[in-house]
Protein chains: 2
Amino acid sequence: MEEIERVAIYRLHAQFCKTLSDANRLLIMAELVKGERSVSELVERLGLQQANVSKHLALMRDRGLVTMRREGASAYYSLSDARIFEAIKMLMQVQADQFERQHNLANRAE
Amino acid sequence: MEEIERVAIYRLHAQFCKTLSDANRLLIMAELVKGERSVSELVERLGLQQANVSKHLALMRDRGLVTMRREGASAYYSLSDARIFEAIKMLMQVQADQFERQHNLANRAE
DNA sequence: AGAATATATAACTATATGTTCATATATATC
DNA sequence: GATATATATGAACATATAGTTATATATTCT
């Protein structure tokens, strides 16, 4: 693989990862992993502004993390691929393990 | 789990994910997954500025993604947990699959 | 001690991003 | 067709972040 192509791929993937790097978007995904939700359901459950939720969803849709289904005036969103939340969980576990390790070290130091 | 705590956890995790959301940092991690590297090795292989690499490494170290070992004047970095790159690979695969799916749809439409 | 090498950091600039408010668009209901 | 409801979007602002240049710190070698 050429170096230029390689860099381009990582640039693209960085943008994909950037979509995971906002707390509100992670909360939205944690909600969607339970099942399909409409915008207003997300607004109500997460206590965010409607415009804010719509914007996050538009971004996530652009980048292929969620899909949308229209039903009347409502828009129902779902995760496009279960592995996305699998990866998130895996990373959260790494972080949790590190936190615990640090905690143990701190205790042993007392 | 309380809602406030839940949000705090996702905020922390978002910061962790944010560390994955830069192309140069992903390139650094792709290099480190092959094995320990010094700063100058990374600078040479990736063609980035030394100050830039040092900054990214400092950030990654702060957030627990890499560990550092000093040897003389050199600093050797490695990934702190193999699962980090596993998660990255998983997400890249999701993206690759989506790309392929879109490509197939485009071909079928011709 | 002084020079050379390796890494880190501070200051600065440019750019990207999240949030909010206001408004637009689309669908359903009367 | 007018009104209400659901969602999307544009403008504006504040903030965060990446990259660069210059410099500081630390270590090795002579």
For DNA chain C, the residues among residues 32-52 of chain A that have a non-hydrogen atom under 4.0 Å from it: A/Gln49, A/Ala51, A/Asn52
Can you tell me if A/Tyr77 touches the phosphate of D/dA8, counting only side-chain N or O atoms and a distance under 4.0 Å to OP1 or OP2? yes
Side-chain N or O of A/His56 closer than 4.0 Å to phosphate OP1/OP2 of C/dT19: yes
Sequence-distant partners of [X], side-chain hydrogen bond (donor to acceptor under 3.5 Å, both in side chains), two or more places apart:
| X | answer |
| --- | --- |
| A/Ser74 | none |
| B/Ser78 | none |
| B/His56 | B/Arg25, B/Asn52 |

Listed in order of residue number, which residues of residues 11-29 of chain B have a non-hydrogen atom at under 4.0 Å from DNA chain D? B/Lys18, B/Asp22, B/Asn24, B/Arg25
Scan for salt bridge (Lys or Arg N to Asp or Glu O under 4.0 Å) pairs involving residues 38-52 of chain B, sequence neighbours excluded, and state none if there are none. B/Glu31-B/Arg45
Can you list the residues that meet the salt bridge (Lys or Arg N to Asp or Glu O under 4.0 Å) rule with [X], with sequence neighbours excluded?
| X | result |
| --- | --- |
| B/Arg83 | A/Asp97, B/Asp81 |
| B/Arg69 | B/Glu36, B/Glu71 |
| B/Glu86 | B/Lys89 |

Any N or O donor-acceptor pair under 3.5 Å from the base of D/dG19 to the side chain of B/Lys55? yes
How does protein reach along nucleotides 25-30 of chain C, written 5' to 3' as B (base within reach of a heavy atom under 4.0 Å), S (only sugar-phosphate), or - (no contact)? --SS--
Residues in side-chain contact (heavy atoms from CB on, under 4.5 Å) contact with B/Gln102, at least two apart in sequence or another chain: none
To which residues is A/Met90 joined in a hydrophobic cluster, defined by side-chain heavy-atom contacts under 4.5 Å among Ile, Leu, Val, Met, Phe, Trp and Tyr, whether direct or through other members? B/Met90
